[in-house]
Asker: 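Could you have a look at this structure, given as structure tokens, before my questions?
Fair warning: this is a prediction, and the values are worked out from it, not measured in the lab. Quick note: numbers below take in every heavy atom, side chains included, and nothing from hydrogens, waters or symmetry partners. Atoms within a ligand are numbered from 1 in the order they appear, just like the ligands themselves.
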Amino acid sequence: MSNNSARLDAIRAIANAAPVESTFDYKNSPTSEVWGDNVFDLNSMAERLPKSVYKSLKKTIEQGGKLDLQVADVVAEAMKTWAIEKGATHYAHVFYPLTGLTAEKHDSFFDPDGQGGTISNFQGEQLVQGEPDGSSFPSGGVRQTFEARGYTIWDVTSPAYIMENPNGTTLCIPTAFISWTGEALDKKTPVLRSMQALNTQAQRVLKFFGNDGAMVSSTAGPEQEYFLIDKNFYYARPDLMAAGRTLFGAAAPKGQEFDDHYFGVIPQRVLAIMFEVERELFKLGIPAKTRHNEVAPGQYEIAPVFEFGNVATDHQQQIMVALKRVAEKYGMICLTHEKPFAGLNGSGKHLNFSLGSAKAGNLFDPGDTPADNAQFLVMCAAMIQATHRWAKLLRASVASASNDHRLGANEAPPAIISIFLGTELTEVFESIAKGAPISAEKGELSIGVDVIPPIPKHSGDRNRTSPMAFTGNRFEFRAVGSSQSLGMPLTILNTIMAESLSEFAEKLEKADPGSPAAVGAVVADIVRDVWNSCSQAVFNGDGYSEEWHHEAERRGLPNLRTAADALPVYKSKEVVNLFGKFGVLNEKEVLSRYEVYAEQYVGSVNVESNLVVELVRTMIFPAAVRYQSELAASLANLKAVGIEPDHKTIEKVTALIRDLQDGVTDLADLKDKEGESHDPEKHGLFVKNKVLPRMAAIREVVDELEGYVSDDLWPLPTYQEMLFVK
Ligand code: ADP
Ligand code: MG
């Protein structure tokens with residue numbers, strides 16, 4: 001009798017699964033034709049709204065400001081009619097609390113009219129503002145429970161959309177989530193505020209290049225990496241279900257060493273999922289573009305075309321939701337954890353970041369003329385300074401218990417924040433720093449090195465080991481974790497760029513805007529200053545190497561290895577001042593974020609250590625002692641027939657069982673003491689220094705046992721099974 005029936009049932013179920021059937025008629029209704037079908041976008045608005053209302057709304061969308069309630073009433077009516085035509089019976093304010101997940105509160109369009117019928121009740125008021133009972137969302141002390149009220153406010157810059165379900169559809173309204181005192185309780189509000197700050201400061205600088213006037217936005221193109229595994233295995237792994245990652249599991253005999261998965265042929269079922277995800281996203285007006293296998297077996301990637309940062313952030317959440325939902329339909333589970341499988345590549349969410357406007361184009365594009373080049377250099381200088389000055393904050397923006405398993409694991413950038421410029425751009429900066437002039441010739445700005453040499457944009461020449469890599473026309477922030485919302489990293493990029501640009505603007509504003517020579521001299525100064533004070537953050541070599549760690553230390557660059565070290569950065573005076581200065585987060589809002597993230601760190605490790613204790617005691621240990629007694633019985637049998645048996649295996653297994661028992665007792669005892677520290681920083685360090693190392697030690701024992709215990713007794717689906725059975 002084996003005790004691993006769940007595991008064997010899973011394998012049987014997968015082996016006997018019916019082949020994938022097509023779920024939509026792609027021949028008669030191609031995905032390209034459903035683009036935007038489920039979004040109340042500008043086109044639908046133009047079609048359905050009176051001209052004056054449309055104009056007023058469009059202006060609010062493009063320039064910000066408050067929406068007139070009368071306008072809102074008209075919009076609400078049109079939106080409701082549109083939604084009901086699409087089968088909607090409910091509307092939901094969708095918001096993004098600090099959990100990092102997407103939250104929704106659904107209300108019916110209809111109220112009973114008291115006469116046996118219903119009347120529709122969805123006006124401007126319901127569109128613009130909602131009031132979910134927010135008392136259970138983390139607020140980091142911003143709200144007491146007696147003032148639990150939180151409001152959701154329609155974000156007009158993010159279009160409303162229809163969410164489909166087999167049994168009905170819902171109108172979804174993207175909203176900001178704030179407390180009754182006006183504090184941001186979510187991830188969206190700071191993004192919107194930082195977009196505004198960035199625009200304001202960028203205008204001041206662009207004025208000197210004749211490129212101001214049109215709204216400057218950051219653009220974001222996030223690449224999402226994820227794993228897909230069969231649902232049957234998932235439900236047989238309590239660790240995957242509760243923690244999102246495997247807490248145990250010996251390496252499969254064949255891992256990723258042949259790199260044969262990367263860009264390989266996409267398995268049938270996985271490809272079916274991708275097709276359907278893309279179709280879902282297309283209907284929502286989300287420009288999914290690229291799909292491929294990633295490095296680890298079972299790992300894939302999806303990347304949309306970039307959009308304005310605030311819209312991309314919302315869309316990114318929808319991408320994660322769509323991946324999870326569609327995968328389940330095909331009997332698979334999408335894992336967005338940063339490191340579901342030890343020893344294999346983890347998953348990131350590379351945040352490709354740039355900024356631009358309708359007038360100035362992409363501001364990280366070197367451009368063709370010397371004048372464009374000068375503006376480009378100023379923008380790059382801002383990025384270099386921002387990255388160097390706020391390295392710790394950037395590190396904090398990607399800090400979580402799950403991302404700790406990935407950063408610096410020889411596949412993802414280290415926790416040291418450096419910036420890659422490539423040889424061409426580095427040389428330009430170096431030569432200007434050495435004195436090559438930026439002058440005005442024939443009324444045009446000219447940099448001393450003539451024009452910037454062509455910068456390779458194709459991926460072969462890119463540095464993939466840098467946390468912040470220039471890739472020809474944008475920067476790629478590669479440290480962001482796969483499960484994370486883009487909200488905080490983007491907010492921080494926007495804000496630190498705004499700060500550097502505001503400093504440059506102050507310098508430029510002392511020059512006569514009509515004199516290219518004077519502007520050129522200031523540009524040269526800016527570039528030189530930044531290079532002299534920040535070039536130690538520029539690193540074009542291999543960020544994965546051991547030498548870089550030493551070199552970075554020599555250069556004095558911070559290396560905050562874990563979230564426990566990085567999160568307290570949020571509390572620092574400089575950070576609080578930075579956010580305050582640009583109106584992105586007030587002190588209370590910053591500190592509350594620190595508290596929430598610190599709690600999440602401790603909380604998620606806690607869940608994991610509970611799981612370790614439970615899984616070991618109820619699954620691993622019993623399997624191991626059963627095997628031990630089988631061995632013992634066999635030894636006794638041999639002895640009985642006069643054969644002197646070899647005791648090596650039973651001795652080894654017995655030693656491992658003993659280690660396992662001791663390790664788990666130690667961890668369980670430790671957890672009892674853990675509650676003592678109420679200071680989140682101390683608690684974080686306790687978790688990092690005491691809990692995680694003990695968990696890792698137990699894992700070693702379990703993984704070694706997996707190599708001994710009879711396969712028919714082993715209770716957990718193995719790496720081999722989860723990663724290679726598709
Ligand atoms: P790679 O894997 O080589 O880094 P991908 O093609 O997978 O490249 O992803 C590149 C991402 O960069 C896409 O999401 C793309 O939209 C985005 N991107 C391109 N240009 C910009 C830009 N100007 N601003 C922001 N993101 C951009
Ligand atoms: Mg990339």
Asker: Return yes if some donor-acceptor pair links the side-chain N/O of Gln203 with the main-chain N/O of Ala214 below 3.5 Å, else return no.
Answerer: yes

Asker: Taking heavy atoms and a distance under 4.0 Å, where does Glu476 meet ligand 1: side chain, backbone, both or neither?
Answerer: side chain

Asker: Is the NZ atom of Lys283 crowded by more than 12 outside heavy atoms at less than 6.0 Å?
Answerer: yes

Asker: Please identify which atoms of ligand 1 are closer than 4.0 Å to at least one heavy atom of Pro304.
Answerer: 13 (C), 14 (O), 15 (C), 16 (O)

Asker: So, Asn540 and Thr426: side-chain donor and acceptor under 3.5 Å apart, yes or no?
Answerer: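 Note: Asn540 and Thr426 side chains meet the donor-acceptor criterion.
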
Asker: Taking atom 27 (C) of ligand 1 as the point of reference, which of Glu225, Arg474, His292 owns the nearest heavy atom?
Answerer: Arg474

Asker: Can we say Lys58 and Asp41 salt-bridge, meaning some charged N sits less than 4.0 Å from an Asp/Glu carboxylate O?
Answerer: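 Between Asp41 and Lys58 there is no salt bridge, as every charged N stays at least 4.0 Å from the carboxylate O atoms.
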
Asker: Below a 4.0 angstrom heavy-atom separation, can you tell me which part of Thr219, side chain or backbone, both or neither, approaches ligand 1?
Answerer: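 Both backbone and side chain.
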
Asker: Are any of the N/O atoms on Phe306, whether in the backbone or the side chain, positioned under 3.5 angstrom from an N/O atom of ligand 1?
Answerer: yes

Asker: Where does Glu301 meet ligand 1, judged by heavy-atom distances below 4.0 Å: at the side chain, the backbone, both, or neither?
Answerer: side chain

Asker: Less than 4.0 angstrom from a charged side-chain N to a carboxylate O is my criterion; do Lys339 and Glu411 meet it?
Answerer: yes

Asker: Heavy atom of Arg464 under 4.0 Å from ligand 1?
Answerer: yes

Asker: Taking all non-hydrogen atoms of both residues, which atom of Leu344 and which atom of Pro297 are closest, and how far apart?
Answerer: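 Looking at all heavy atoms of both residues, the shortest contact is CD2-CD, 4.2 Å.
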
Asker: Ion pair present between Arg406 and Glu225, side-chain N to carboxylate O less than 4.0 angstrom?
Answerer: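 A salt bridge is absent here (no side-chain N lies under 4.0 Å from a carboxylate O).
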
Asker: Looking at ligand 1, would His350 count as a contact under a 4.0 Å heavy-atom criterion?
Answerer: no

Asker: What are the atoms of ligand 1, with element, lying closer than 4.0 Å to any heavy atom of Val305?
Answerer: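 So the answer, numbered in order with elements, is 16 (O).
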
